[in-house]
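Each remark here refers to the structure printed beneath this line.
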Amino acid sequence: MSLSAADLHTVYSFLSNALSIDESTRKQAESALAQCENRPGFCSCLLEIIAARDSGCRDDARLLASVYFKNSISRYWRHRRDTSGISNDEKNHIRTKLLLHLREENTQIAIQLAVLVAKIARIDYPKEWPELFSILGQQLQSPDTLTSHRVFMIASQLFEFTWNLWKNDVQTILQTFSTISQSVITNSLVEHGHDLIIICERWLLCLKIIRQLIISGYPSDTTSAQEVLLVKEVCPVLLSAIQSFLPYSSFGFAVEITKFNTLYFIFSAKDMDEWHQNPENFHHDQDMVQWTERLRPCAEALYIVLFENYKDLLSPIVVSILNEAMSGSPPLETEISHAMLLKDAAYTAAGHVYYELSNFLNFSDWFQGSLSIELSNKHPNMCIIHRKIAFILGQWASEIKGDTRKLVYHALIRLLQDNDIAVKLAACRSLCYLVQDTNFSEHDFSEHLPTCWSSCFKLMEEVEEFDSKIWEESTGESLLQIQLLVALRNFVCSLGHQSSICSNLLLPILKSGINIDNPDSLNLLEDSILLLEATLSNAPSMVPQLFDFFPYLVVILERSFDYLQVATSIIEEYIIFGGIEFLNRHVSSLAKILDHIVGSVNEKGMLSTLPAIDLLVQCFPTEAPPLIAGVLQKLILICLSQQDGDHPSRTTVVTSSAAILARVLVMNTNYFAQLVSEPALQQSGFSVNQNILLALADIWVDKIDSATVIQRKIYALALCIMLTLRMPQIIDILDDILSACTGVILGGGDETTTSEDDSGGDTTSSLALNSDGIGYAGISSKDLRMRQIKDSDPIRQFSLENMLNENLKACAAFHGDASFNAAISRIHPSAFAQLQQALKM
């Protein structure tokens, strides 16, 4: 069934739907168009839609129609066996309509139509289309430059007319250049620029046609000595034209720069409407799309490349355009005039080439003489100029120095508080550039910091496209979500102790990321755990929502030890910041997961876990040991059963485990006695007659030389306490106990003000494994709290010398003077002298 004029609306709706972003709608429309292709009248309908540029048809739909039109002509213009093709009547209609629609303003559609005319001409000329070239020749004589430009896209055989028109265009271009050279360059370029550009394009197209006709119409000189009359005619004129253009060589660049400013950089009415409808989308569309996707960013990319290669030639032109634009639009203007839009375009041009332009334009003078005055104009219409000034301040960051930099900080902070989101977003990005610049001064910026943070987070709440919202909309896009997690972690670490101000944004993302039931958990879990660690490490205090995340961590560790190192660091943070509330809430889960880890992981895993256990016992010496009895029993077994030999990692595991047990003995002696008498230990392979306390004493004596400073003191204190135990065997090891304690005292380990490196002190050195938690003041909340915990550690407050003195007296009283003195007499004289020195006897 044939298509007619009554079907135009249906075909147009198919084309519009074929451009829909909805896949289902698009596929249905494409299927419908495919079914129409071989129906009579389809090409005529498409041509009517293409020609209806003034009837409200969308340009993208017209362009798609031209593509379908070209494809249909290619398939059905010739009669084939499998199809009846296009009827002769429809062909006549199409040929006539094509020649009536030569003045197509859309270049892409014009190219499609030119290709079609040439394709049909190769088939139908001259038999079916004898009038083709006579009509084209008449159109070429039209004074309308656009019409002749379009005709030349297809009129490649009209050499004489092309040649004559080219020569006339040479004279026109030279006369225009002469006129421009005798007046203010930018005024003349604006006045003559548009027509001159079209004439220059037509002139270049004529030249290409002439070249192609000469090359294609005659044999090569390498194969023939035939004289080519056209070459004799063309070459002298070409050389003469070249000589005539040489004095105006810079005008080509001037024309191009003016073209950029007046055609590509300037905002159109459509742009302003898009800004008004959605300022945020407008900002992103204008400044963040790829240069290959839109005309304006493509022109900007070309403009920058031109400047990089012809800086000295183009810089004066841009400065002249800039000065003229500022003169035409005063700083206190309030109307959105063409002059204001030209100034905005000139600011765009100056902003993109800050490096090349800095030798021709003094930024401080420009800012104080014009930009700062424009910023003081609070009229709503000035948002156009304010947004572009924000852009300039970011682009010129490396050139802003001295006192001007302070003024720029202040200006951008004020723009962050503007009523227009597009202005705020531009100011936010430029502030980032200034902060990242090597000339950034914390001192100069510190006074603006509170206002800056509050403005930034207010902006986060206002915009649609930010991390929390992007997170929801990017479900299934794992790579994008991973980038967001990394960015958030860097953001939290940069905020340091102020990171709590972004909790509303952060916590929902964290909850989703650490949930292993999340479909994307396999891809997101690692970065989510790192983000949780950074959040806790920099938190000034524990908020209720963070307590609720601990069960997720337990589930993760129960499933796999892949993230053990960062997970144990998180456990430390819960202990530090959660305190007794954390213990009350999650003690059973904590004991369960620690018991699951200890004995199930290798030495590396133990070295990650032991600092958390040590910290737990240190912070809660009375409450924690009974709650993790199973873990402590496993540590006893590790100490008594593991042969560390020459393995440094095993030695460190045993040394650290023994230090934790020694701390329990020192801080909670009664419970420790109960712990070592548990039946589970007595039935774990040791002889019933083997005393666990004595075995641990041997470990403490043996490992004291490989322990850290604080561990050595813990060992010595534990050995001191053993002197008070009513065990006959103590006399047999008295020499070893006194030697160990004497070494610690004389070695300086008994000083209550002992200072040590964070990474080499006690078993909490896992802090050194995380270098991300650095806050604004240079130290994370976790590190600060850890230093406080270390400084208040009771072990540091104990006097080993006093305890040793007192406990030796108790030992002598229990064992009797005879046995005690006999044991003392067996000490080597030099060792006894050191004991006397240590105890000041």
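Here the structure is a predicted model, which is why all the values come from computation and not from measurement.
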For the ring pair F69 and F42, is the centre-to-centre distance below 6.0 Å? no
Could you tell me which non-hydrogen atom of D420 sits nearest to which non-hydrogen atom of C383, and how far apart they are? OD2-SG, 4.1 Å
Carefully, step by step, assess S268 and D271 under the rule side chain to side chain donor-acceptor pair (under 3.5 Å). CA-CA 5 Å; S268 64; D271 292 326; 3.1 Å; yes
Under 4.5 Å between any side-chain heavy atoms of Y12 and R62, yes or no? no
For E37, salt bridge (Lys or Arg N to Asp or Glu O under 4.0 Å) partners two or more places apart: R75
Assess the side chains of S44 and E48: does a donor N or O sit below 3.5 Å from an acceptor N or O? no
Distance from D520 atom CG to I482 atom CD1, nearest 0.5 Å? 9.0 Å
Stepwise, does the side chain to side chain donor-acceptor pair (under 3.5 Å) test hold for D89 with S87? CA-CA 5 Å; D89 289 342; S87 68; 5.5 Å; no
Charged N to carboxylate O below 4.0 Å: is that the case for R103 and D144? yes
Minimum heavy-atom distance I109-D59, with the two atoms named: CD1-O, 4.1 Å
Determine the minimum heavy-atom distance between I50 and E104, stating which atoms define it. O-OE1, 4.0 Å
Can K91 be said to sit on top of W77's aromatic six-ring, NZ or CZ under 6.0 Å from centre and within 45° of the ring axis? yes
Do F265 and Y347 pass the ring pair (Phe, Tyr, Trp, His ring centres under 6.0 Å) test, and can you show the C-alpha distance, the side-chain angles, and the key distance before you say yes or no? CA-CA 9 Å; F265 292 171; Y347 281 5; over 10 Å; no
Closest approach of Q395 and H352, non-hydrogen atoms and distance? NE2-CA, 4.3 Å
Below 30° counts as parallel, above 60° as perpendicular, anything between as tilted: where do the rings of F267 and F282 land? perpendicular
Under 4.0 Å between a side-chain nitrogen and a carboxylate oxygen: does that hold for K388 and D344? yes
Answer yes or no: does atom CG of L100 have more than 12 heavy-atom neighbours from other residues, nucleotides or ligands under 6.0 Å? yes
Any chance NZ of K27 has more than 12 other-residue heavy atoms, nucleotides or ligands included, within less than 6.0 Å? no
Lys/Arg-Asp/Glu bridge criterion (N-O < 4.0 Å) met for R296, E300: no
May I ask you to check whether H283 and F391 place their ring centers less than 6.0 Å from one another? no
Between L553 and F549, is any pair of side-chain heavy atoms under 4.5 Å apart? no
In the structure I gave you, are the side-chain heavy atoms of N281 and E274 within less than 4.5 Å of one another anywhere? no
Side chain proximity check, E462 to E280, heavy atoms < 4.5 angstrom: no
Exercise: do S20 and D22 side chains pair donor with acceptor under 3.5 Å: no
Report the distance from atom CG of N523 to atom CG of L479, rounding to the nearest 0.5 Å. 7.5 Å
Does N518 form a side chain to side chain donor-acceptor pair (under 3.5 Å) with S521? I'd like the steps, not just the answer. CA-CA 5 Å; N518 187 328; S521 64; over 6 Å; no
